[in-house]
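FYI, side chains are in, hydrogens and waters are out, and symmetry mates aren't considered; it's all heavy atoms of this structure.
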Amino acid sequence: MCVASSTPTSRGTSADRFHSRRVDLRLLPLLGLLYALALIDRTNLAIARVTGMDHDLKLSVGARYSIVSCIYFVPELPSNVALRKVGARNLLTFCVIAWGAVQLGMGFAPTWGVLAVCRVLLGAFEAGFFPALVFIITTWYKRHEVQTRLATMYMTSILAGGFSAIFAYALSLLAGKSGLNGWSWIFIIEGAVTVLFGLIAWGYLPDFPDRNDFLSAEQTALVLRRVEQDRGDALPDTLTREKLVLHLMDWKLWSYAIMYLCATVPAYAIGFFITSIISSMGWGIEMTLLLCAPPYIFAALSVLFFAWLSDKYQTRAVFLAVQTLMTILGLALTGYVRAPGWRYAGIFLANAGSAGDIPGLLAYSSNNILSHSKRAVTTAVVVSFGGIGGVVATTIFRQQDAPRYLPGIVATICCQVVLLMLLGTMSLHLWRQNAKILKQSPAASTGVHPGFLYTL
């Protein structure tokens with residue numbers, strides 16, 4: 001498909017906004033809902049634990065709960081690399097239906113060992129979903145439109161995650177039905193819902209812009225033209241072995257990945273241990289599960305606000321730093337202040353800060369990449385390091401450190417310090433690169449696309 005050039009006009013700007021909204025409505029609600037289901041299915045282990053699973057499967061013995069939590073995480077690179085060949089719709093719907101079926105099966109786990117095997121399968125099927133989702137979204141939009149879109153999608157999952165505790169508690173009241181305990185019904189019903197939405201989504205999930213089937217040829221050309229004018233990679237390039245090695249040798253890719261790892265540690269720690277931390281403040285099960293929701297509502301609003309600011313001012317690092325400092329302050333309050341009110345307030349700050357860093361870092365990395373092949377590799381590596389962050393979170397928050405988890409909180413704060421150091425180093429490097437570009441002629445800007453400047 002040829003990507004034509006055009007001169008911006010008021011009519012073109014109006015058409016731009018109209019087609020962007022149409023793309024938004026097709027992509028974001030459905031992908032946000034599916035990711036929300038992924039997040040709920042991934043983290044409802046913590047809720048099931050306090051509603052009887054801990055007793056039935058003896059998860060408090062040794063490090064069983066940490067093992068069952070961290071064994072979920074597996075590498076995510078291969079699926080993203082093969083995404084264009086397999087097809088986005090085929091890959092994403094397969095992942096959703098498969099992990100939903102595993103989630104349903106977890107409700108019948110008789111021992112903690114069987115539960116651990118199910119968690120491995122759950123992680124394997126979910127592994128290809130999020131990196132593919134991020135990759136697809138970044139191919140549809142201009143660089144400084146991406147974070148708001150990622151944040152909108154992520155906000156859906158945050159809100160769902162907050163209220164999932166209340167929904168799970170309601171499901172746990174089915175205890176005794178068909179001879180199953182309440183925690184079994186959490187897995188069975190939530191797994192069945194995921195399978196249902198996976199089947200429905202197959203008819204509606206979008207593909208890459210050049211393959212889409214919901215826009216006309218003229219509308220598709222407009223979408224591709226916008227991306228081409230912004231960064232020059234509207235149409236895909238072939239990923240070869242040589243390109244893969246070249247992309248993996250870029251030190252910036254690994255810096256983005258480590259920053260993302262550091263951001264996901266507090267996010268996963270809160271997701272898996274929020275119920276234990278809140279219950280340690282003196283509340284019962286019902287009130288604990290109800291109190292899980294407000295921090296997620298605050299986080300959703302914070303994520304969207306900072307994403308809007310970041311896209312509006314076309315800068316990432318400053319707002320990432322602010323949110324990382326929020327995370328550090330929140331962790332310090334939750335870990336070291338005795339008053340339950342202040343500890344609970346700390347969860348608000350830590351949850352909002354870490355949740356905002358996740359779409360922010362994904363936008364930061366994708367904004368500074370040219371070519372589909374590098375975008376596929378970078379997104380897969382960065383998101384897979386988020387899985388490593390999950391392993392770190394579930395191993396540093398140990399059973400013997402409950403209920404305050406001070407060693408885990410200290411380690412998580414250290415991760416945030418590392419994030420800030422890498423963010424400063426990366427920003428300085430990109431600023432220097434932009435200074436060199438501006439001294440050159442426009443045609444020689446980066447050797448790839450005239451006029452391209454790195455996003456700071």
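For the pair R89 and D213, the minimum side-chain heavy-atom distance is below 4.5 Å. Side-chain contact between W183 and I47: absent, with no pair of heavy atoms (C-beta onward) separated by less than 4.5 Å. The side-chain heavy atoms of S427 and W431, taken from C-beta on, include no pair separated by under 4.5 Å. In this structure the side chain of T220 never reaches within 4.5 angstrom of the side chain of P209, judged on heavy atoms. With a 4.5 Å cut-off on side-chain heavy atoms, Y268 and V391 do not count as touching. With a 4.5 Å cut-off on side-chain heavy atoms, Y72 and L45 do not count as touching. Between S157 and M153 there is no side-chain heavy-atom pair separated by less than 4.5 Å. L222 has its side chain out of reach of Q219: every pair of non-hydrogen atoms, C-beta onward, lies at least 4.5 Å apart.
Donor-acceptor pairing under 3.5 Å is lacking for the side chains of Q416 and T327. Under 3.5 Å, the side chains of T455 and H144 contain a donor-acceptor pair of N or O atoms. No side-chain donor-acceptor contact under 3.5 Å links Q314 and R143. A side-chain donor-acceptor contact under 3.5 Å links T324 and D357.
Salt bridge absent: E228 and K142 never bring a charged side-chain N and a carboxylate O closer than 4.0 Å. Between D311 and R316 a salt bridge is recorded (basic side-chain N to carboxylate O distance below 4.0 Å). Residues K374 and D250 are paired through a salt bridge, judged by an N-O separation under 4.0 Å between the basic side chain and the carboxylate.
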Scan the side chains in residues 186-202 for donor-acceptor partners under 3.5 Å anywhere in the protein, sequence neighbours excluded, and list what turns up.
from, atom 1, to, atom 2, distance (Å)
E190, OE1, N44, ND2, 2.6
T194, OG1, D41, OD2, 2.7
T194, OG1, E190, O, 3.1

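Using a 30° and 60° split on the angle between ring planes, Y256 and Y364 fall in the perpendicular class, above 60°. Ring orientation note: the planes of W99 and F129 are nearly perpendicular, at an angle over 60° on the 30°/60° scale. The aromatic rings of F348 and F298 are tilted relative to each other, their planes meeting at an angle between 30° and 60°.
For the pair R26 and Y204, the NZ or CZ position fails the cation-pi test of under 6.0 Å to the six-membered ring centre and within 45 degrees of the ring normal.
F385 has its ring centre no less than 6.0 Å from the ring centre of Y260. Aromatic pair F135/F208: centroids less than 6.0 angstrom apart.
Formation of a donor-acceptor pair under 3.5 Å by the S255 side chain with backbone atoms of K252 is not found in this model.
Heavy-atom neighbours of R432 CZ from other residues, nucleotides or ligands within 6.0 Å: at or below the threshold of 12. Around CZ of F214, the count of heavy atoms belonging to other residues, nucleotides or ligands within 6.0 Å exceeds 12.
Under the side-chain contact (heavy atoms from CB on, under 4.5 Å) criterion, S366 pairs with T138, V146, R375, not counting sequence neighbours.
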Step-by-step side-chain contact (heavy atoms from CB on, under 4.5 Å) determination, L438 to L453: CA-CA 9 Å; L438 292 172; L453 289 174; 4.1 Å; yes
